[in-house]
Protein chains: 2
Amino acid sequence: MPAMVIDPLKGFPGYALRRVSAAFMAELAARLAVLDLRPAEGTVLLVIGMNPGITQSDVGRLLDIVSANMTPLTARLASRDLIDREPVDGRSHGLTLSEAGRRLMQKTRRIMEGLESELLERIPAAQRATFLGALMALASEEKS
Amino acid sequence: MPAMVIDPLKGFPGYALRRVSAAFMAELAARLAVLDLRPAEGTVLLVIGMNPGITQSDVGRLLDIVSANMTPLTARLASRDLIDREPVDGRSHGLTLSEAGRRLMQKTRRIMEGLESELLERIPAAQRATFLGALMALASEEKS
DNA sequence: TATTGTTATACTCTATAACTATA
DNA sequence: TATAGTTATAGAGTATAACAATA
C-alpha cells in the first residue's frame, strides 16, 4: 500500500472498537473450531454450565440472542448430545449439560479464559484498570 | 429473566468489547440506512473521498476487506453513480467520488463523527485519554 | 511470478414476520 | 394478553477457491 494513504477513520474510537473486536472474534472462532464449536455455541455452553436448568429464552436474553436464533443453536448442541432439554412447564425447556457437554464446556472455558488473558496482557499494566473500568461501564449501559 | 442467573462472561474484556462494538455497529447501521448505505459502504466512501484516485485493492488493504468482497461493494457504489472507476494501468482502477458521491460522503462523515462523539461522551472525562490510548494501541497492533 | 479484479460459493451472526401452543 | 419456542427468510460481513488479464 502506498505510504501516503490517508486513513479517515484514524482516531475514531468506535472504528477501533470494531477492529479490535473483529480480530478478537476471529481468533476465538479459530481456537473454538478445534472443538467444532462456533463462538455463539461456546458462550451458550458456558451459560448453561453455570446455570443448569436455565431456560432457552433466558439464555437468549442474557446473551442478546433473539429466540428465533436460539432454536437452531440449541438444536445443534442437542443433536451432538452436548445438552439435554427437559420441559419445565408446557412451553419452557430447561437446559442442562450432558457429561460430554460438561467436558466440552471445560475446554471451551479454558480457551476463552486463555484468550481473554492474552488480551489483558496486551494492555500496559498502568492503563489496565482504567481501560477495563471504562469498557465495562460502556458494556453495562448496553445491557439496560 | 430470573435475578439469579450467573453470567460467566461477566468481567471478560473481549466479550465486553464484542458487546459494545455490536451495539455501536447496529446504531451506525441504523443511521446510515437513512442514506441507503451500509457501514462498509460508508467507510469506503470516506476513504475514497480522502484519497481520490486510490485503487480498489488499496482501499481493501486499509479497511481489511478482501478483494473478492470489494468488487460487489464498489460495483454497488458505481451503479448508484457515487463513484467513478478509471483505469490507471491495465489492471488497476482508480476510484474517485462523483459530485453526488461527495455530497453523500459529507453526510456520512457527519453521521459517523456524531456517533463517535457520542461514544466519547459516554466515557468519564477522567478516564477518556487512558481508555483511548489503550484502545488505539490494541487497534494498531492488529493492523501490523 | 506476483498482483488486480472478478465470479461463485459458503459460513456466521443477526433480524423480522408469522405461527402454534401454553400461561 | 403475554410468553416460549419454532419455521422460514433475508441481510450484512467475512472467507476461500479458482480464474483471466496484466505487471
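The chains referred to below are lettered A, B, ... by the order of the sequence lines, with proteins before strands, and numbering in each begins at 1. Values in this document were obtained by computation on a predicted structure and should not be read as measured data.
With hydrogens and angles left out, the side-chain atoms of Thr130(A) and Gln127(B) include no donor and acceptor closer than 3.5 Å.
Contacts classified as ring-ring contact (aromatic ring centres under 6.0 Å, His included) and involving residues 33-91 of chain B (residues at least two apart or in different chains) are not found. Applying the ring-ring contact (aromatic ring centres under 6.0 Å, His included) rule to pairs touching residues 114-137 of chain B yields Phe131(A)-Phe131(B), sequence neighbours excluded.
Boundaries of the chain B contact region on DNA chain D are dA12(D) to dA23(D), first to last in 5' to 3' order (nucleotide atom under 4.0 Å from a heavy atom).
In this structure, Leu37(A) and Leu77(A) have side chains that are in contact, with non-hydrogen atoms separated by less than 4.5 Å. Residues Leu46(A) and Thr108(A) meet the side-chain proximity criterion, which asks for heavy atoms closer than 4.5 Å. Taking 4.5 Å as the limit, every side-chain heavy atom of Asn51(A) sits out of range of all side-chain heavy atoms of Asp7(B). You'll find the side chain of Glu141(A) reaches within 4.5 Å of the side chain of Arg122(B), heavy atoms only.
Within a heavy-atom distance below 4.0 Å of DNA chain D, the residues of residues 67-76 of chain A found are Ser67(A), Ala68(A), Thr71(A). Within residues 32-54 of chain B, no residue has a heavy atom under 4.0 Å from DNA chain C. Contacts between residues 83-98 of chain A and DNA chain D, defined by a heavy-atom separation below 4.0 Å, involve Arg85(A), Arg91(A), Ser92(A), His93(A), listed by number.
Side chain of Ser98(B) to main chain of Leu82(B): a donor-acceptor pair is present (N/O by atom type, distance under 3.5 Å, no hydrogens or angles).
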